[in-house]
Amino acid sequence: METAERPLVIVDAANTVGSVPDGWWRDRHGAAERLRDRLVRVAAEGLPPARNVPEWAVNTPVDVVLVVEGAARNVESVPGIRVEPASGSGDDRIVEVAQEASGRRTLVITSDRELRRRVAEHGAAYAGPRAVRPEAREKD
């Protein structure tokens, strides 16, 4: 269950899955499920120290929202991870979730520069996919 005291981490599933060329394009739904399952530990323990990860999200439980779109839209939530399917643009849904969390410590995981700009307008911090996938290749 989400609590106002816990920081919120919103993960751009398409961007984060796509940051590692591991064949995800053959099974986008399965790749999003694997990311969701990996995030369960992040929800329980927080993020490890990493570039651009605010101190308030490090090594402390966080609420996680995974925004999915397209072929991954039917990925289901699991305990600790709320999956938000985007009916249209995943980026637009991420901005909506960040806006809904206004006033709450919020971190968006994406390497999309335009999305970073948009969520920052609502007070959210941002970090790249390496924050949750250390093997990710980023263009920071």
Side-chain angles (χ1 to χ4, degrees):
M1 178 171 192
E2 294 181 356
T3 61
E5 297 79 38
R6 285 186 176 188
L8 175 64
V9 176
I10 305 168
V11 180
D12 180 346
N15 184 270
T16 302
V17 163
S19 68
V20 177
D22 59 2
W24 59 265
W25 51 90
R26 291 188 292 269
D27 181 10
R28 294 168 194 253
H29 184 271
E33 285 182 325
R34 288 187 297 278
L35 174 60
R36 176 205 60 199
D37 294 346
R38 172 183 279 205
L39 292 172
V40 170
R41 183 173 181 182
V42 169
E45 300 176 7
L47 292 160
R51 182 174 172 207
N52 295 331
V53 174
E55 196 62 36
W56 47 257
V58 174
N59 298 325
T60 188
V62 295
D63 291 330
V64 176
V65 175
L66 179 65
V67 177
V68 295
E69 60 186 298
R73 194 174 299 128
N74 294 323
V75 170
E76 295 184 12
S77 296
V78 296
I81 309 299
R82 184 179 106 207
V83 176
E84 279 287 323
S87 58
S89 160
D91 289 1
D92 289 347
R93 184 64 191 127
I94 291 165
V95 172
E96 290 169 2
V97 174
Q99 185 176 14
E100 291 163 5
S102 183
R104 184 174 179 188
R105 295 173 298 174
T106 301
L107 174 66
V108 175
I109 304 297
T110 187
S111 62
D112 181 318
R113 288 188 179 141
E114 175 60 15
L115 179 56
R116 288 176 169 196
R117 183 195 63 75
R118 291 175 65 196
V119 298
E121 290 176 358
H122 299 288
Y126 51 79
R130 277 192 203 139
V132 295
R133 292 193 76 177
E135 71 279 23
R137 293 191 285 175
E138 294 180 27
K139 302 172 195 168
D140 280 339

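Note that the structure is a prediction, hence the values are computed from the model and not measured.
- Among R82, R104, R105, the one residue that satisfies the salt bridge (Lys or Arg N to Asp or Glu O under 4.0 Å) test with D63 is R104.
- A 4.5 Å side-chain heavy-atom check between R6 and V62 finds every atom pair outside the cut-off.
- How far CD1 of I109 is from OG1 of T16: 7.0 Å, rounded to the nearest 0.5 Å.
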*CA sep, side-chain torsions, deciding dist, call: L39, V132, side-chain contact (heavy atoms from CB on, under 4.5 Å)*: CA-CA 7 Å; L39 292 172; V132 295; 3.8 Å; yes

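- Considering only heavy atoms from C-beta on, D91 comes within 4.5 Å of R118 through its side chain.
- Contact of the W56 side chain with the L107 side chain is registered, since non-hydrogen atoms from C-beta on lie closer than 4.5 Å.
- For the atom pair R93 CZ and D12 CG, the distance stands at 13.5 Å (nearest 0.5 Å).
- Of the possible donor and acceptor atoms, one in the side chain of R34 sits under 3.5 Å from a partner among the backbone N and O of G30.
- Remark: side-chain polar atoms of R133 are not paired, donor with acceptor, to backbone N or O of V20 under 3.5 angstrom.
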*Worked check of salt bridge (charged side-chain N to carboxylate O under 4.0 Å, His left out) between R28 and E69*: CA-CA 10 Å; R28 294 168 194 253; E69 60 186 298; over 6 Å; no

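- Separating the CZ atom in R73 from the OG atom in S87 is a distance of 7.0 Å, to the nearest 0.5 Å.
- T106 contributes no side-chain N or O that, together with a main-chain N or O of A98, makes up a donor-acceptor pair within less than 3.5 Å.
- Cluster membership check: L47 does not share its hydrophobic cluster with Y126, using side-chain heavy-atom separations under 4.5 Å among Ile, Leu, Val, Met, Phe, Trp and Tyr.
- When side chains are defined from C-beta on, E45 does not count as touching N59, because their heavy atoms never get closer than 4.5 Å.
- Atoms CD1 and CG, from I81 and L66 in turn, are 7.5 Å apart once rounded to the nearest 0.5 Å.
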